Amino acid sequence: QKEVEQDPGPLSVPEGAIVSLNCTYSNSAFQYFMWYRQYSRKGPELLMYTYSSGNKEDGRFTAQVDKSSKYISLFIRDSQPSDSATYLCAMWSTGTASKLTFGTGTRLQVTL
Amino acid sequence: DTAVSQTPKYLVTQMGNDKSIKCEQNLGHDTMYWYKQDSKKFLKIMFSYNNKELIINETVPNRFSPKSPDKAHLNLHINSLELGDSAVYFCASSRRTPGGAETQYFGPGTRLLVL
């Protein structure tokens, strides 16, 4: 079983829809939770990060963490065609040689 | 003004060859990484260096040898290339946020195809 599980999609939604992207994880030591967006043939870019449980909002994006369920979500409001990309969740714990562990990514397609 | 740059962008080579990929960051970060992304988009860490010192080596064949001449550069040399090495290789660098998280910034990737 992978440490971080993410539905690969593809997820296709019409423009303007609310998108929900999710990851589950098994390692309770993870403390920091991040979402990266990766356009085709580009490197991942950091969208948001949160520490521990709770919500964080940034424009049309909201990141949610539920540590008790080991479940994180990224919501995109008023989705746009320019949001079409692969979204990767990533998790990190402090400690020696700490590292980011990524999910496999969910491919999102926002259609006109 | 590129933050993390990699060369080359594309690399097509024969099995058995030796090749290098270079990475440079101008963000002033102390930590740099190499990741491999396979055809299913899974991004897996290979190595991490902090201030030129190796801190993560993730069960990578010893045909892969990273080198960090200074903290702004991290190169990856691959000996005796195999078909299974075909992937996209990403370099990244990171800084620690005031809250303690390591936020990583990725380069554009090097697409390696071994024939």
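Here is the naming used below: chain letters follow the sequence lines, and residue numbers restart at 1 for every chain. Note that the coordinates shown come from a computational prediction; the quantities given were computed from them, not determined experimentally.
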More than 12 foreign heavy atoms under 6.0 Å from CZ of B:Arg111: is that the case here?
yes

What about A:Trp35 and A:Phe30, same hydrophobic cluster or not, with Ile/Leu/Val/Met/Phe/Trp/Tyr joined at side-chain heavy-atom distances under 4.5 Å?
yes

Should A:Leu74 and A:Tyr36 be counted in the same cluster of Ile, Leu, Val, Met, Phe, Trp and Tyr side chains packed under 4.5 Å apart?
no

By a 4.5 Å heavy-atom criterion (distance strictly below it), what part of A:Arg41 contacts chain B: side chain, backbone, both, or neither?
both

If one checks every heavy atom of A:Gln38 against chain B at 4.5 Å, the contacting part turns out to be side chain

Please lay out, stage by stage, how B:Lys40 and A:Thr104 fare under the test side-chain contact (heavy atoms from CB on, under 4.5 Å).
CA-CA 8 Å; B:Lys40 294 190 172 146; A:Thr104 49; over 6 Å; no

Roughly how far apart are A:Leu100 CG and B:Ser48 OG, rounded to 0.5 Å?
10.0 Å

Atom NZ of residue position B:Lys71 - does it have more than 12 heavy atoms of other residues, nucleotides or ligands inside 6.0 Å?
yes

Consider only side-chain heavy atoms of I, L, V, M, F, W and Y, link residues closer than 4.5 Å, and tell whether B:Leu11 and B:Leu81 are in one cluster.
yes

Is B:Tyr10 in contact with chain A via its backbone, its side chain, both, or neither, using a 4.5 Å heavy-atom distance?
side chain

Give, as side chain, backbone, both or neither, the part of B:Leu43 having an atom under 4.5 angstrom from any heavy atom of chain A.
both

Is the count of non-hydrogen atoms from other residues, nucleotides or ligands lying under 6.0 Å from B:Glu53 atom CD greater than 12?
no

When hydrophobic residues are tied together by side-chain contacts of less than 4.5 Å, even through go-betweens, does A:Met91 share a cluster with B:Tyr35?
no

Report the distance from atom CH2 of A:Trp92 to atom OG1 of B:Thr103, rounding to the nearest 0.5 Å.
9.5 Å

Donor-acceptor pair, distance only, cut-off 3.5 Å: does the side chain of B:Tyr105 make one with the backbone of A:Pro44?
no

Using heavy-atom distances under 4.5 Å, tell me whether B:Lys41 contacts chain A through its side chain, its backbone, both, or neither.
both

Using heavy-atom distances under 4.5 Å, tell me whether B:Glu58 contacts chain A through its side chain, its backbone, both, or neither.
side chain

Decide whether A:Leu88 and A:Val4 are clustered together by the hydrophobic rule: side chain heavy atoms of Ile, Leu, Val, Met, Phe, Trp, Tyr closer than 4.5 Å, transitively.
no

If I compare all heavy atoms of A:Phe102 with all of B:Phe42, which pair ends up nearest, and what's the gap?
O-CE1, 3.5 Å

